[in-house]
J.: 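This is the structure, below, for whatever I ask next.
Every value quoted in this text rests on a predicted model; they were computed, and no experiment measured them.
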Amino acid sequence: MNQGRQPPATQPTLFEQVWLDGRLEDHLDTVYRDPGVPAPVVESGTASGLTYTKRAVARAAGRVSRASGRGGGTTAPGRLLLRMAPGAIDALGRRLRGGVTLISSTNGKTTTARMLASILEADGRAVVHNRAGANTHWGVATALAEHDGDTGVFEVDEAWLPLIAAQLRPRVVVLGNLFRDRLDGYGELDRLIRVWRGLLSGAAAPAVVVANADDPLLAGPGAVLAGARSARLLFGIEDAHAGSHSPEHPNDGHSCLACGQRLRYTRAFVGHLGHYHCDRCGTTRPRPSVRAASVRERGLDAADARIVLPSGSLSVRLPFGGLHNVYNALAASGAAVSIGVAPGAIRDGLASVSAPFGRSETIVVDGRAVRLCLVKNPAGANATIRTLSGERSDHALHLWIALNDAEPDGRDVSWIWDVQFECLSAHVGRVTCSGRRANELALRLKYAGWSCPLEVNASLHESFARALAHTPAALVAMPTYTALLGLRTVLNERGVAVSDWGHSARAARATP
């Protein structure tokens, strides 16, 4: 009679199992089998199981994690909270009377979310924000558990976006770009295009979608916005003097999704983002209502932009450089416009925003400036290299590059062969290769023609110390994701890290 067998009614559904263990990439096609957004993973409202005590316990878990030095407490509280109260994101999100904005993209979502949070704070709002960049349901739940406010701004992993949107019912969703990334996890881009298109055409579609007009995978016919129920607000770069005449390799958006013809470009800015059209079917890049009419790059440290909004225009100096950060500023500005923020607050918020940890952040270590630039895929790495090659300096670049292949990085590191390292070969004075795949990185740089002194040392601790010792003035650190986390540990041990996690950890240790 199988009396010892668990009744089917009490067995967890696939959605519930994914919600508990976080292994969405293992079930991506099954979870998103239907074109629409899946039903909420858990029941909403009173069935959430959330109590004051459970929230307090989750907060305590974060304090313990930070005080012990074992982690930043960016996901542990949320993981614990969702096990105790699976509907906690829904229940806590309902308290955000100013609404919720979700931000997703392959590159730039952490910086865009930071910019939007800064804008909303300049507008006088109390923002709940996953500031440290933990962007699955655990990170969102952590932010909701630990902070109180009236408005939510959450960066969200590309594949997790529909599941979290089904819980939070955002007023605004920001879609920044789609680039090839972590092929062994989420596969080719057509899977994410289908997932995002399902969100925008389903029951959890936001009132407004803010999207990049310059990305044909988002704004072209047959792309993400096709069939969207949401109102659209598009952003993009208009300055025809910025960027280049054609996309750099690799070009992930090279074909028209409507007819398959190769797209032609009159201007390209970052990867396949630019002014595109199709000679066969007439597809063309739509005119954005939030746009950078003029851009002046100032190396790693700044970029000037005149941003045209539906209600006027503003000029702003961004405190970090690169065309990729101009796109981030446009995305944040578009979201702010959708929320109803005045241009003055947008300008003030963009001008005063601080860099997220590892994203164009500068710290001082042993009297030397260290610029941290996360690199995780060809598009992001090429954007950093392009900015570095435009630096005006009398000194050759000193670089520390760390390549890891842990699961968050992606096991497949062949993407380094699509990075245009050749563009920097004449600018580098010394390079240190580190991380678990340091040897492969060194081989790639040799093929790129780097004839400068090159040291290979897999140890993050040792290699960073040696790179710093050989640096006369400034060091540029370019780690992949888990290498950045490892470097964060190295820096905190030195007591010099300037980051959200670093501040939290030191504050926790100093608390009696």
J.: Restricting to non-hydrogen atoms, name the atom on A438 and the atom on A458 that form the minimum distance, rounded to 0.1 Å.
T.: CB-CA, 4.5 Å
J.: Apply side chain to side chain donor-acceptor pair (under 3.5 Å) to Y186 and list each qualifying residue two or more places apart in sequence or on a separate chain.
T.: D157
J.: Below 4.0 angstrom, N of the basic side chain to O of the carboxylate: do D366 and R494 qualify?
T.: yes
J.: Checking side chain to side chain contact (heavy atoms under 4.5 Å, CB included) for the pair D26/D21: CA distance, chi angles, key distance, verdict?
T.: CA-CA 11 Å; D26 294 343; D21 64 22; over 6 Å; no
J.: Which pair of heavy atoms, one from S104 and one from E158, lies closest together, and at what distance?
T.: OG-CA, 3.3 Å
J.: Taking side chain as C-beta onward, heavy atoms only, is F154 less than 4.5 Å from I164?
T.: no
J.: Are D418 and R180 ion-paired here, with the side-chain N under 4.0 Å from a carboxylate O?
T.: yes
J.: Against L168, only a single residue in L144, V156, L96 fulfils side-chain contact (heavy atoms from CB on, under 4.5 Å); can you say which?
T.: L144
J.: Should L82 and W19 count as side-chain neighbours, where that means a heavy-atom distance under 4.5 Å?
T.: yes
J.: Minimum heavy-atom separation for L460 and L487, please, with both atom names.
T.: CD1-N, 4.2 Å
J.: Could you pull out the closest heavy-atom pair between G149 and V128, with the gap in Å?
T.: N-CG2, 3.5 Å
J.: Mark yes when over 12 heavy atoms from residues, nucleotides or ligands other than R466 sit less than 6.0 Å from its CZ; otherwise mark no.
T.: no
J.: Given 3.5 Å as the limit, does a donor-acceptor pair link the side chain of R114 with the main chain of S354, or not?
T.: yes
J.: Is the shortest side-chain heavy-atom distance between H137 and I89 below 4.5 Å?
T.: yes
J.: Check whether the side chains of T110 and E155 place a donor and an acceptor atom closer than 3.5 Å, and report yes or no.
T.: yes
J.: Is it true that R23 and E407 make a salt bridge, defined as a side-chain N closer than 4.0 Å to a carboxylate O?
T.: yes
J.: Assign the ring pair W400 / F464 to parallel, tilted or perpendicular, where the plane angle (0 to 90°) is split at 30° and 60°.
T.: perpendicular
J.: Will you find, in the side chains of N107 and N177, an N or O donor that is under 3.5 Å from an N or O acceptor?
T.: no
J.: For the side-chain contact (heavy atoms from CB on, under 4.5 Å) test, which of N325, L388, T362 pairs with L300?
T.: L388
J.: Please determine whether a side-chain nitrogen of the Lys or Arg among R191 and D29 lies less than 4.0 Å from a carboxylate oxygen of the Asp or Glu.
T.: yes
J.: Under a 4.0 Å N-O cut-off, is there an ion pair linking D190 with R194?
T.: no
J.: Using the side-chain contact (heavy atoms from CB on, under 4.5 Å) definition, which of the options T384, I385, L445, L441 pairs with V419?
T.: I385
J.: For T112 and I103, which heavy atoms make the closest approach, and how far apart are they?
T.: CG2-CG2, 3.9 Å
J.: Any luck finding a side-chain donor-acceptor pair between T480 and N404 under 3.5 Å?
T.: no
J.: Looking at every non-hydrogen atom in both residues, tell me the closest pair between S463 and S434 and how far apart they are.
T.: OG-OG, 2.8 Å
